[in-house]
Asker: 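First the structure, then my questions, so here it is.
In this text the structure is predicted, and so the values were computed from the model without any measurement. FYI, side chains are in, hydrogens and waters are out, and symmetry mates aren't considered; it's all heavy atoms of this structure.
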Protein chains: 2
Amino acid sequence: MARRKNDPSFPASNTMLVLALLEGGDKYGYQIIRELECRSDRTFSMKEGTLYPILHGLEARGEVRSYEQASDAGRRRRYYQLTRQGVKTLARCRQEWAAFCKQFGKVVGGEACVLG
Amino acid sequence: MARRKNDPSFPASNTMLVLALLEGGDKYGYQIIRELECRSDRTFSMKEGTLYPILHGLEARGEVRSYEQASDAGRRRRYYQLTRQGVKTLARCRQEWAAFCKQFGKVVGGEACVLG
DNA sequence: TAAGAATACATCGAACTTCGAGGTATCGGG
DNA sequence: CCCGATACCTCGAAGTTCGATGTATTCTTA
């Protein structure tokens with residue numbers, strides 16, 4: 001996920017979202033965008049220019065593998081499937097996300113802190 | 001904060017952290033970095049190359065104003081203070097962060113969703 | 001008292017993420 | 001027959017952050 005050490009921001013959240021969606025079963029690109037919209041109550045609307053590079057990157061890094069399978073209607077579809085590596089990465093991302101949330105909330109929440 | 005509409009990621013979190021820290025009183029750059037480290041249990045370690053451009057940007061956009069004030073030791077310090085605009089921005093950021101968290105958690109948490 | 005660590009500011013290029021616009025093609029309905 | 005939805009893709013522009021580097025001053029410690 002290319003998160004840099006000690007990076008206070010949480011980038012590549014889109015990549016994590018993709019991994020999480022694939023956990024629920026193999027999916028093709030267009031479907032990922034629709035499902036994300038649905039699962040987030042229309043809050044998240046990932047763009048194709050964002051998604052496809054992410055999928056290609058994940059595949060290049062071995063987090064997912066893909067296969068082509070036409071729909072009933074004969075429409076071309078490329079499905080993506082989590083690899084064991086991808087599952088592990090997702091688990092790590094979840095931990096990192098939880099840690100980030102906790103610390104971020106602590107700072108923006110406004111708890112006091114006495115500096116040495 | 002330059003967040004783009006419908007952006008599933010939450011960028012510029014560093015900017016939000018800076019605003020939140022300034023809410024606790026005027027602070028100078030180096031102090032912001034130390035306090036952030038402290039308040040986040042050493043999890044966040046903002047780099048100077050990150051912070052100073054952020055502060056300059058916030059000032060240019062009227063979210064903060066600055067003034068110079070030497071320390072007891074005679075060391076040069078530039079303090080930053082939230083403007084009314086900055087306070088409003090921080091409030092908006094908090095709402096956006098809460099909304100993002102909720103939706104992000106919903107997706108990576110794995111709730112089911114039936115697509116139409 | 002000299003060296004090095006800490007304080008304090010700043011800028012720059014490289015890397016990464018994301019958008020938005022554009023391109024190609026197929027399928028179904030009006 | 002056209003248009004909207006489906007389905008894939010690429011490219012350049014914009015924004016964020018790091019890491020390196022630079023400049024000064026003050027404090028600590030050997």
Asker: Is it true that the NZ or CZ of B:Arg42 lies under 6.0 Å from the centre of B:Phe44's six-membered ring and within 45 degrees of the ring axis?
Answerer: no
Asker: Report yes if some heavy atom in the side chain of A:Phe100 is under 4.5 Å from a heavy atom in the side chain of A:Ser13; otherwise report no.
Answerer: no
Asker: Heavy atoms from C-beta onward define the side chain here; which of D:dC9, D:dC18, C:dT11 lies closest to that of A:Tyr80?
Answerer: D:dC9
Asker: Mind calculating the distance between CG (A:Leu51) and P (D:dC9) to the nearest angstrom?
Answerer: 9 Å
Asker: Quick one: which of A:Ile54, A:Val64, A:Thr83 gives a side-chain contact (heavy atoms from CB on, under 4.5 Å) with A:Glu59?
Answerer: A:Val64
Asker: What is the distance, to the nearest angstrom, from the CD1 atom on B:Ile32 to the P atom on C:dA10?
Answerer: 11 Å
Asker: Heavy atoms under 4.0 Å, any strand shown: does A:Gly29 hit a base, just sugar-phosphate, or nothing?
Answerer: sugar-phosphate
Asker: When you get a sec, tell me which of C:dC9, D:dT17, D:dT6 is the closest nucleotide to the side chain of B:Ser13?
Answerer: D:dT17
Asker: In whole angstroms, how far is the P atom of C:dA25 from the CD atom of A:Glu48?
Answerer: 16 Å
Asker: Out of D:dG19, C:dT18, C:dC19, which nucleotide sits closest to the side chain of B:Lys47?
Answerer: D:dG19
Asker: Output the rounded distance in Å from NE2 (A:His56) to P (C:dT17).
Answerer: 15 Å
Asker: Which whole-number value in Å describes the distance from B:Met16 CE to D:dG15 P?
Answerer: 21 Å
Asker: Is the phosphate of D:dA7 approached by A:Tyr28 (side-chain N or O, under 4.0 Å from OP1 or OP2)?
Answerer: yes
Asker: Excluding sequence neighbours, so at least two apart, what forms side chain to side chain donor-acceptor pair (under 3.5 Å) with B:Glu48?
Answerer: none
Asker: Return whichever of A:Gly49 or A:Ser71 has its heavy-atom-nearest nucleotide of DNA chain D closer to the 5' end.
Answerer: A:Ser71
Asker: Check this for me: does any side-chain nitrogen of one of B:Glu68 and B:Arg76 sit under 4.0 Å from a carboxylate oxygen of the other?
Answerer: yes
Asker: Verify the contact: side-chain N or O of A:Arg77 to OP1 or OP2 of C:dT26, cut-off strictly under 4.0 Å; return yes or no.
Answerer: no
Asker: Distance check needed: C:dT24 P versus A:Tyr30 OH, whole Å only.
Answerer: 19 Å
Asker: Return the value, rounded to whole Å, for the distance between atom OH of B:Tyr52 and atom C1' of C:dG13.
Answerer: 20 Å
Asker: In this structure, how many angstroms lie between the P atom of D:dC8 and the CD atom of A:Gln69, rounded?
Answerer: 12 Å
Asker: Compare all side-chain heavy atoms of A:Tyr67 with those of A:Asp26 and state whether any distance is below 4.5 angstrom.
Answerer: yes
Asker: Could I get a table of every N or O pair under 3.5 Å where one atom is in the protein and the other is in nucleotides 27-29 of chain C?
Answerer:
{"unit_1": "C:dC27", "atom_1": "O4'", "unit_2": "A:Arg75", "atom_2": "NH2", "d": "3.4"}

Asker: Is A:Asn14 close enough to C:dT17 that one of its side-chain N or O atoms is under 4.0 Å from OP1 or OP2 there?
Answerer: no
Asker: For residues A:Ser45 and A:Lys47, report the shortest heavy-atom separation together with the two atoms involved.
Answerer: O-NZ, 2.7 Å
